[in-house]
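A, B, ... follow the sequence lines: proteins, then strands. Residue 1 opens every chain.
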Amino acid sequence: MSDPQKPTLLIIDGHSLAFRAFFALVQTGNFITDEGQHTEAVYGFLSMMLRLLKDEEPTHLGVAFDLSRKSFRTDEYAEYKEGRGETPPEFSGQVGLLQDALTAMNVTWITKEDYEADDILATLAAQGAQQGFRVLVVSGDRDSFQLIDDDVTVLYPSAMGVTELKRYDAQAVFDKYKVWPHQYPELAALVGEKADNLPGIDKVGPVTAAKWIAQWGTVDEILAHADEIKGVAGNNLREQRDRAERNRRLNALVRDLDLPYGPVDLARRPIDEVAVREVLGALQMRTMLDRVLKLGQTDAAATSGAIARSAAPEVRTLAADEVAAWIAAQDAPLGLAVSVEVEGGEFAGVGLSSLTASAHVPVTALDGLRDWLADVSAPKVFFGAKRQLEDAEHAGLTIRGAVHDTRVMGGILSPTRVPATLGDQVLGALEESMPVSDPNQLVPEVPALGPATEAWYVARVADAVNATLATEVNANARRVYDEIELPLIPVLAGMELDGVAIDRGVLAGQREVLEKGAETYRTAAFAAIGHEVNLGSPKQLQTVLFDELKLPPTRKTKTGYSTDADSLADLLESIEEENEGSIFLQSLLRHRDATKLKQMIETLEKSIGSDGRIHTTYDQVGAATGRMSSNDPNLQNIPVRSEEGRRIRSAFIAGEGFESLLTADYSQIEMRIMAHLSGDAGLIEAFREGEDLHRYVGSHVFGVAPGDVTPAMRNKVKAMSYGLAYGLGPFGLAKQLRITQAEARQLMTDYFERFGRVRDYLRDVVQQAKSDGYTETIFGRRRPFPDLNSPNRVLRDNAERAALNSPIQGSAADIMKIAMLGVAADMAQARLGSRMLLQVHDELIFEVAPGERKQLEEIVTRRMSTAATLDVPLTVQVGIGPDWDAAAH
DNA sequence: GGTGTCACGTA
DNA sequence: CGTACGTGACACCT
């Protein structure tokens with residue numbers, strides 16, 4: 001179709017395409033970020049551009065933008081392009097964002113004072129054609145048709161959206177308008193252009209105009225022969241000749257602008273991956289980000305990727321008897337980077353690397369590595385050490401001396417953006433992209449990195465991140481990392497390897513009970529409304545509730561009205577007497593409960609290992625506050641509140657060879673931390689008294705003797721106390737306690753009357769965070785809060801609540817991690833056979849070896865209660881039983 | 001097949 | 001309009 005020898009110049013009218021994209025997509029209602037920023041124009045434009053890059057494979061690329069509505073055309077004719085209405089507020093700002101995205105993609109964009117984007121396109125097209133380019137002009141303005149010739153093609157968006165572009169060459173223009181491209185402006189001048197607010201000659205349409213042009217060629221010539229034209233059209237032409245002349249002047253595009261870039265300057269360049277991630281990430285365009293990055297990868301494979309590859313040191317494959325000497329010869333101040341290779345579940349070797357040398361130790365040579373791996377004084381550096389320690393352990397190898405984990409390091413330095421993969425961290429810390437092979441491809445474009453080269457990337461990342469961590473501003477982070485996170489890694493690895501024993505029979509029995517229950521509720525729900533419906537589909541439920549049953553609308557969600565348990569409870573209350581509606585609602589709620597629990601059981605059953613135990617995975621830096629998270633499966637959300645739920649809990653048992661489970665949890669640790677941090681004398685006193693906290697607080701808030709605090713009073717105070725640490729306001733408090741906002745307000749006032757320092761503290765935390773940009777736990781763990789100074793109210797309020805909660809939740813997490821280290825150390829010291837198995841934020845679960853109960857309880861209680869020295873005691877509650885539920889206290 | 005939304009379990 | 005998480009079903013996208 002096109003001359004493959006010719007370079008292709010693709011130039012796009014940014015403004016008009018962005019505008020069309022906006023209108024095509026705005027009605028979908030998608031394309032809004034959480035912060036309320038519309039992104040239709042950015043998305044639509046980039047979509048179109050990526051498609052063009054793929055289809056047309058241009059070698060050169062540029063985008064032109066209007067600078068403002070003002071141009072030399074408006075100077076001549078003030079009404080030019082008038083009447084277009086105000087720019088929708090949702091559109092404004094998107095052009096700037098689009099330009100940011102283009103900059104990040106290294107796509108040149110051009111503006112020119114007093115001229116329109118089309119003039120820039122005209123100039124570039126003229127230069128490009130002259131310099132031997134095949135030129136593709138993408139414009140939503142028909143005036144661009146005048147640019148078409150053998151070398152220049154116009155792609156014009158069809159009525160619907162921007163993804164469909166119609167290709168106009170000379171023949172296509174002639175077929176449609178019966179004039180050749182260079183004559184198109186003559187035709188447009190006579191007919192007029194409504195979009196530009198340029199009226200043409202009355203009663204002259206394209207057919208008449210084309211006829212005249214065929215005869216005389218140009219507007220000037222036609223006007224010169226105006227006397228020869230008969231009829232109304234002729235009359236109008238004579239009377240309105242100035243219109244035609246003016247239109248012709250205005251619609252002539254300028255082809256000789258002085259521009260900062262010529263066609264050759266627009267050669268395509270690789271994208272700036274970091275910047276692209278930043279810009280598109282902020283716009284919450286995940287899919288688009290992937291598409292753009294993919295584009296970048298194709299580029300990288302051709303250019304920079306090859307460079308990065310060649311810089312990696314040659315990989316030496318070691319035989320068993322060469323390993324020790326090779327390691328001894330390496331200079332690696334931080335430790336040697338290690339990458340354990342597992343393929344298809346099988347241990348497949350180990351990669352080793354310093355900054356300058358890499359080696360691969362295949363399984364056959366592992367005997368030469370065994371001692372070094374187990375040597376605690378031989379420093380090793382990992383990305384994700386815990387997993388690798390476990391993989392090695394499965395293969396009968398013990399790894400000690402993990403002195404760095406770059407992922408955890410990254411998580412401490414930047415707790416809101418923990419790198420998920422080594423590639424992510426390479427990108428973030430080294431600002432280069434690590435080649436990754438796509439395992440789904442039969443013949444990968446990028447060959448898989450061997451473990452040795454992976455280790456080389458780890459070594460370099462470690463070097464970079466360690467340098468950051470070593471700076472004075474990060475002294476606190478360094479301490480948290482060195483003293484808490486690093487030593488915790490082998491402790492967690494041990495817990496994950498041990499897993500927790502499960503009684504399959506208990507799970508299966510409960511699953512069957514729930515299955516029957518779900519079926520009963522399902523049938524009852526269908527009977528109530530007279531037809532079947534997918535009870536698991538919020539969308540279908542909305543139809544039933546609000547259309548069929550005509551129930552009053554509930555809280556709004558992004559896609560409709562909420563059907564969550566709270567909303568359904570409200571609906572239930574709005575129904576006066578028992579009817580189909582209330583029966584449906586009740587059945588639905590019960591069905592939800594049953595299916596939720598049933599599903600949970602099924603997930604647990606699937607994750608039981610061949611050893612009859614469940615091995616969760618903890619993410620040590622999984623939460624921005626410093627808490628851990630648990631996944632595959634999540635054992636930190638096992639039900640406890642309902643009777644049915646607790647039966648699931650009772651399936652967690654002591655394994656064979658152990659006498660029982662022991663649970664130990666911190667009592668009201670967050671409230672205690674709040675008392676400590678705020679220094680509130682009343683609250684500190686409450687904890688030192690050691691009596692029922694909520695009763696004590698209630699007696700002070702309501703001014704009655706502790707013995708006279710009613711359950712209702714205690715409840716209110718309890719909700720208030722807990723809510724405080726989450727930034728609960730009168731609205732939320734009222735909603736939770738089902739009281740009026742005025743009452744909630746009063747309760748808060750009374751509360752702070754007695755415990756005013758708490759309020760002061762919470763206020764100060766936010767204030768401090770605002771000026772510092774971060775919060776800090778008692779142990780110096782920091783969490784950044786960039787949104788605290790955002791002009792966006794919602795964003796700012798959310799950040800304020802998270803900020804006031806962060807030191808509290810985070811300090812509690814620190815204390816628990818420190819306690820775990822102490823417990824693990826003492827258990828090892830005492831050579832106990834008992835094992836620490838699970839952590840659920842403020843609770844630890846142990847498997848008790850025969851005869852060790854007392855000793856274990858002593859270690860656990862002591863280590864937990866002394867993990868930190870606060871102005872209030874850290875009280876620990878211990879329970880023992882055959883299963884997790886029974887071990888509760 | 002991948003992704004976002006909703007709902008819901010825990011501390 | 002209460003913090004911190006992970007998971008699964010559904011609905012919609014490509």
*Asks:* Using whole Å, what does the distance between atom C1' of nucleotide B:dG4 and atom CG of A:Leu289 come to?
*Replies:*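 Those two atoms, CG and C1', are 16 Å apart.
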*Asks:* How many Å lie between CG on A:Leu588 and P on B:dA7, as a whole number?
*Replies:* 11 Å
*Asks:* Does A:Glu573 pair with A:Arg738 as a salt bridge, N-O distance under 4.0 Å?
*Replies:* yes
*Asks:* Taking C-beta and beyond as the side chain, do A:Pro784 and A:Pro415 meet within less than 4.5 Å on heavy atoms?
*Replies:*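 With C-beta onward as the side chain, the pair touches.
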*Asks:* Rounded to the nearest Å, what distance is computed from the CD1 atom of residue A:Ile669 to the P atom of nucleotide C:dT3?
*Replies:*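 Checked: the CD1 to P distance equals 21 Å.
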*Asks:* Can you check the A:Leu535 CG to B:dC8 P distance for me, whole Å?
*Replies:*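 In whole Å, B:dC8 P lies 13 Å from A:Leu535 CG.
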*Asks:* Can you check the A:Tyr722 OH to B:dT10 P distance for me, whole Å?
*Replies:* 15 Å
*Asks:* Using only modelled atom types and a 3.5 angstrom limit, is any donor from either the side chain of A:Arg627 or the base of B:dA11 paired with an acceptor on the other?
*Replies:* yes
*Asks:* Report yes if a side-chain nitrogen or oxygen of A:Arg641 is closer than 4.0 Å to either non-bridging phosphate oxygen (OP1 or OP2) of B:dT10; otherwise report no.
*Replies:* yes
*Asks:* Before accepting this row, confirm whether a basic side-chain N of the pair A:Arg51/A:Asp55 lies closer than 4.0 Å to the acidic partner's carboxylate O.
*Replies:* no
*Asks:* Determine the Euclidean distance between corresponding C1' atoms of B:dG4 and C:dG2; express it in Å to zero decimal places.
*Replies:* 24 Å
*Asks:* Whole angstroms only, please: what is the CD1-P distance between A:Ile673 and C:dA4?
*Replies:* 16 Å
*Asks:* Base, sugar-phosphate or nothing for A:Thr563? Non-hydrogen atoms, less than 4.0 Å.
*Replies:*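 Sugar-phosphate contact only - A:Thr563 comes under 4.0 Å of backbone atoms but never of a base.
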*Asks:* Could you tell me whether the side chain of A:Gln636 reaches within less than 4.5 Å of the side chain of A:Gln839, counting heavy atoms only?
*Replies:*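 The answer is yes; the side chains approach within 4.5 Å.
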*Asks:* Counting the atoms with a prime plus P, OP1 and OP2 as sugar-phosphate, which does A:Ala624 contact under 4.0 Å by heavy atoms, base, sugar-phosphate, or nothing?
*Replies:*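 Sugar-phosphate: the residue A:Ala624, judged by heavy atoms under 4.0 Å, touches backbone atoms but no base.
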*Asks:* Measuring to OP1 and OP2 of C:dT3, would you say a side-chain N or O of A:Thr625 lies under 4.0 angstrom away?
*Replies:*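 No, A:Thr625 has no side-chain N/O under 4.0 Å of OP1/OP2 on C:dT3.
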*Asks:* Hey, is A:Asp570 close enough to A:Arg555 for a salt bridge, meaning N to O under 4.0 Å?
*Replies:* no
*Asks:* B:dC6, OP1 or OP2 - any side-chain N/O from A:Thr557 closer than 4.0 Å?
*Replies:*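 So the side chain of A:Thr557 is within the cut-off, an N or O lying under 4.0 Å from OP1 or OP2 of B:dC6.
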*Asks:* Tell me the interatomic distance from A:Glu800, atom CD, to C:dG2, atom C1', rounded to whole angstroms.
*Replies:*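 Taking CD of A:Glu800 and C1' of C:dG2, I get 14 Å after rounding.
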*Asks:* Below 3.5 Å, does any donor atom in the side chain of A:Gln736 face an acceptor in the base of C:dG2, or the other way round?
*Replies:*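 A donor-acceptor contact between them is present.
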*Asks:* How many whole angstroms separate atom CG of A:Asp814 from atom C1' of C:dA4?
*Replies:* 14 Å
*Asks:* Could you tell me if the side chain of A:Ser678 sits less than 4.5 Å from the side chain of A:Phe755, heavy atoms only?
*Replies:* no
*Asks:* Heavy atoms under 4.0 Å, any strand shown: does A:Ser562 hit a base, just sugar-phosphate, or nothing?
*Replies:*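 A:Ser562: backbone/sugar contact only, no base atoms under 4.0 Å.
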*Asks:* With sugar-phosphate meaning primed atoms plus P, OP1 and OP2, does A:Ala813 contact a base, only sugar-phosphate, or nothing at under 4.0 Å between heavy atoms?
*Replies:*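 Since no nucleic acid heavy atom lies under 4.0 Å of A:Ala813, the category is nothing.
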*Asks:* For a quick test of reading the model: is some side-chain N or O of A:Arg783 closer than 4.0 Å to OP1 or OP2 of C:dA4?
*Replies:*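 So the side chain of A:Arg783 is within the cut-off, an N or O lying under 4.0 Å from OP1 or OP2 of C:dA4.
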*Asks:* Show the numbers, then the answer: is there a side-chain hydrogen bond (donor to acceptor under 3.5 Å, both in side chains) between A:Gln768 and A:Asp764?
*Replies:* CA-CA 6 Å; A:Gln768 185 72 30; A:Asp764 292 347; over 6 Å; no
*Asks:* How does each nucleotide of nucleotides 6-11 of chain C score, in 5' to 3' order, for protein heavy atoms under 4.0 Å: base (B), sugar-phosphate only (S), or none (-)?
*Replies:* SSS-SS
*Asks:* Please work out which of the three classes, parallel, tilted or perpendicular, describes the rings of A:His694 and A:Tyr722, given edges at 30° and 60°.
*Replies:*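 Taking A:His694 first and then A:Tyr722, their aromatic rings sit tilted (interplane angle of 30° to 60°).
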*Asks:* Should A:Arg592 be listed as having a side-chain N or O under 4.0 Å from OP1 or OP2 of B:dC8?
*Replies:*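 Answer yes for this pair, as a side-chain N or O of A:Arg592 is under 4.0 Å from OP1 or OP2.
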